[in-house]
Amino acid sequence: MKVISRRSFLAASTGVAATLLSSSLGGRPTWAAQAPMSLRATTRIIEVNGRAATVKGLLNSTGRPGLVLDPGTRFHVDLTNDLAEETIVHWHGQIPPNTQDGVSNTNLMIAPGESRTFDFAPRPGTYWMHAHVPAQEIDLLAAPLIVRSEEDVRADRQEVVMFLHDFSFRSGEEILDDFTGGMAMEHGDVQQGGRMEATPRRIVGMHSGDPMAATGMDNGGMSMAGMDHGGMTMDLNDFDFDAYLANDRTLDDPETVPVEMGGRVLLRVINGASMTAFWIDLGSAQGRLVGVDGDPVEPLAGSRFGLAMGQRLDIEIDMPSDGAALPVLALREGARERTGVILAPKGASVSKIGGHSDADHPAFSGDMSQELALRSLHPLAERPADRTHMVMLGGAMSPYSWTINGQLWGKHTPIAVLQGERVEMMFHNMSMMAHPMHLHGHVFQVVDINGTRIAGAVRDTVHVPAMGMVTIAFDAGEVAPWMLHCHHMAHMATGMMTELDVRAT
């Protein structure tokens, strides 16, 4: 994995640099022309615990995973499918035009041998890209997408990317068929979505002028079937993977990143795992959480930070002045497995670290204490909600089925809003598993957790704990159907997807 130093823009990773210009129209930025960057969806071989494994990947022109864009660089990418199967790639957390979102409810799949060009102005921050086919994402068809800002360039710190994944020597299709008892949705079913109808659907959800709007309790007629758990305990993990990876490596052979003694590091952590939440553990060192999901937050000090599938953390770390190495560990929640990288100044002694700890790691933020403490540096403008929706998250381990508003993907009722509305959406989790809920085409602010009102972080993926309630606020964007789904790949594959249907006013 490339290390981004404070002295380099990593032009080799992007393959091209672009210049951000100012137009004569009020200084509004425009973008210089640039040749497209190259990205390939392909297979590659990595070594896991001494065994060779063939996995998928998204490789740039240098043959490395992912892309790093310098400030002012447009996301102008030629994506080629070198796989033997069709695919589609989503730019997680970015807000491209809907036709470039990389989701096949509105975009065509990319056939083997086909190339497709994407071209949009990216949002700066820590992002990632991944196949929007659950089995392929399990097969590691995912990679970092780092968009550096001018502030990143000016900062006196070294940037390090830590990309997490869960790994199996079996294929993603085998895994989904195995632990779902063959009930995973067929490939075509996962890809087919609702289309915009010629006749507008009824706009449901409470409007600010409705008599019951203050309650925010509209459910759009959804079914509550299958949500009685009969006293079941919370389930943290569906599947035990063969290994847990940080930058494609385990702690048997971790990546050792050269850093400066006493220097400052910006650690960009991306949870690209298909079904695993992690704690990031700095041991005795103190870090500052300065960004989540690409958006800066007021610094939050600590030595342990949690993140669910699809989420990202930006953590500033001041390296020890004594020149000691610093292991940065990713601890699997509810289990003993761990992975990580080693930050090591020149000459530092690096000790062997086992892939298992002595005790189980707790559930990630079941009390949502971390989320409650986060405050965005760029919150949404204060504005009353025009419309509220309650979105019920349900399902159970047996039979293995996960729903949104009591419905499965393909039989779903899209959640309809009007363009420009301020929308508040409460996720009410009535299941015994947490769900990382990801909304495409928008960023949102966390504004309520279990009845506690906050002006929280701006995100694109929010962790909703078992039996918990999280409310988000956002301004409805481009008129189109935008995906809304759980980022646990097995939940998504068995139907936990719907659409946010943004309609014209």
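Positions are given from 1, in the same order as the sequence printed here. Remember, it's a predicted structure, so these values are computed and weren't measured experimentally.
- Here the closest non-hydrogen pair linking D242 and N49 is O-ND2, 4.1 Å.
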D177 and R170: CA distance, side-chain angles, deciding distance, salt bridge (Lys or Arg N to Asp or Glu O under 4.0 Å) verdict: CA-CA 11 Å; D177 285 344; R170 302 172 65 198; over 6 Å; no
side-chain contact (heavy atoms from CB on, under 4.5 Å) between T250 and V48, intermediate numbers included: CA-CA 7 Å; T250 69; V48 180; 4.1 Å; yes
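- Side-chain contact of S38 with S61: a donor-acceptor pair under 3.5 Å is absent, judged by distance alone.
- In this structure, D253 CG and L251 CG are separated by 10.0 Å, a value rounded to the nearest 0.5 Å.
- A salt bridge links R44 with D248: the closest approach of a Lys/Arg side-chain nitrogen to an acidic carboxylate oxygen falls below 4.0 angstrom.
- Scanning for side chain to side chain contact (heavy atoms under 4.5 Å, CB included) contacts around V443 gives I95, R123, V458, with sequence neighbours left out.
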Derivation and outcome, side-chain hydrogen bond (donor to acceptor under 3.5 Å, both in side chains), residues T73 and D70: CA-CA 6 Å; T73 305; D70 292 336; 5.0 Å; no
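- Residues L141 and L58 meet the side-chain proximity criterion, which asks for heavy atoms closer than 4.5 Å.
- L245 is listed as a side-chain neighbour of I46, based on a closest heavy-atom distance under 4.5 Å.
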From CA spacing to verdict: side-chain contact (heavy atoms from CB on, under 4.5 Å), E337, H356: CA-CA 5 Å; E337 290 88 353; H356 291 75; 3.7 Å; yes
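- Here the two rings, on F305 and W279, have centers that are 6.0 Å apart or farther.
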Steps toward ring-ring contact (aromatic ring centres under 6.0 Å, His included) verdict (H90, W482): CA-CA 12 Å; H90 170 57; W482 295 96; 9.1 Å; no
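- Residues S303 and G283 approach most closely at CB-O, 3.6 Å, considering heavy atoms.
- Checked against the 6.0 Å centroid criterion, the rings of Y127 and H92 do not qualify as a close aromatic pair.
- For R288 against P299, the heavy-atom pair with the smallest separation is CB-CB, 4.5 Å.
- Salt bridge absent: R375 and E298 never bring a charged side-chain N and a carboxylate O closer than 4.0 Å.
- Classification of the W402-H435 ring pair by plane angle, with boundaries at 30° and 60°, yields perpendicular.
- If you look at H438 and H440, their ring centroids are closer than 6.0 Å.
- Here T452 pairs with nothing under the side-chain hydrogen bond (donor to acceptor under 3.5 Å, both in side chains) rule; sequence neighbours left out.
- At a cut-off of 3.5 Å, with distance as the only test, a side-chain donor of H132 or H485 sits close to an acceptor on the other residue.
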V103 vs I88, side-chain contact (heavy atoms from CB on, under 4.5 Å): CA-CA, chis, key distance, verdict: CA-CA 7 Å; V103 186; I88 196 159; 5.7 Å; no
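- In this structure, a donor-acceptor pair under 3.5 Å is absent between the side chains of S104 and N107.
- Between L266 atom CG and D152 atom CG the span is 6.5 Å, to the nearest 0.5 Å.
- At least one donor-acceptor pair closer than 3.5 Å links the side chain of T339 to the backbone N or O of A246.
- Side-chain contact between L67 and V77: present, with at least one pair of heavy atoms (C-beta onward) separated by less than 4.5 Å.
- Q136 and T87 are linked by a side-chain donor-acceptor pair at a separation below 3.5 angstrom, with hydrogens and angles left out of the test.
- No salt bridge links R336 with D358; every basic N to acidic carboxylate O contact stays at or beyond 4.0 Å.
- Side-chain contact check for Q100 versus F120: some heavy-atom pair is nearer than 4.5 Å.
- Expressed to the nearest 0.5 Å, how far CE of M426 lies from CD1 of I449 amounts to 11.5 Å.
- R332 pairs in a salt bridge (Lys or Arg N to Asp or Glu O under 4.0 Å) with only one of the listed residues (D240, D360, D281), which is D240.
- Side chains of R312 and L307 form no contact here, defined as non-hydrogen atoms less than 4.5 Å apart.
- D166 and T276 form a side-chain donor-acceptor contact under 3.5 Å, judged by distance and modelled atom types alone.
- Using the six-membered ring where Trp is involved, W91 and F118 have ring planes that are perpendicular, over 60° apart on the 30 and 60° scheme.
- Side-chain contact annotation: T126 with R268, donor-acceptor N/O pair under 3.5 Å present.
- D293 and Q311 share no donor-acceptor pair across their side chains, judged by distance under 3.5 Å alone.
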Chi angles and distances behind the salt bridge (Lys or Arg N to Asp or Glu O under 4.0 Å) call for E260, R157: CA-CA 10 Å; E260 293 183 9; R157 63 192 183 189; over 6 Å; no
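- In this structure the side chain of M467 never reaches within 4.5 angstrom of the side chain of N429, judged on heavy atoms.
- Defined by atom type and a distance below 3.5 Å, a donor-acceptor pair is missing between the side-chain atoms of T80 and D82.
- Using modelled atom types and a 3.5 Å distance limit, the side chains of D78 and S115 yield no donor-acceptor pair.
- Remark: the H165 side chain and the H130 side chain contain no N/O donor-acceptor pair separated by less than 3.5 Å.
- Using a cutoff of 4.0 Å between basic side-chain nitrogens and carboxylate oxygens, R148 and E159 are scored as salt-bridged.
- Within the 4.5 Å cutoff, the side chain of V290 has no heavy atoms near those of the I315 side chain.
- A cation-pi arrangement is found for R51 relative to F169, the charged atom lying closer than 6.0 Å to the ring centre and inside a 45° cone about the ring normal.
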side-chain contact (heavy atoms from CB on, under 4.5 Å) between L79 and V89, worked out: CA-CA 9 Å; L79 171 64; V89 175; 3.8 Å; yes
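- The nearest pair of heavy atoms linking A308 to H463 is CB-ND1, 3.7 Å.
- Nearest heavy-atom pair across Q158 and P258 is NE2-O, 2.9 Å.
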Verdict with supporting geometry, H487 and N271, side-chain hydrogen bond (donor to acceptor under 3.5 Å, both in side chains): CA-CA 11 Å; H487 223 280; N271 189 355; over 6 Å; no
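- Ion pairing of R74 with D119 is present here, as a side-chain N (NZ or NE/NH1/NH2) and a carboxylate O approach within less than 4.0 Å.
- Heavy atoms only, all atoms of each residue included: N237 and M433 are closest at N-CE, 4.3 Å.
- Using bins of under 30°, 30° to 60° and over 60° for the plane-to-plane angle, the ring pair F278/Y244 lands in the perpendicular bin.
- Atom NZ of K352 sits in a crowded spot, with more than 12 heavy atoms from other residues, nucleotides or ligands closer than 6.0 Å.
- Taking 4.5 Å as the limit, every side-chain heavy atom of F364 sits out of range of all side-chain heavy atoms of L236.
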Derivation and outcome, ring-ring contact (aromatic ring centres under 6.0 Å, His included), residues F167 and F241: CA-CA 6 Å; F167 166 84; F241 285 83; 8.6 Å; no
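- Going from atom NE2 of H491 over to atom OG of S274 covers 11.0 Å, rounded to the nearest 0.5 Å.
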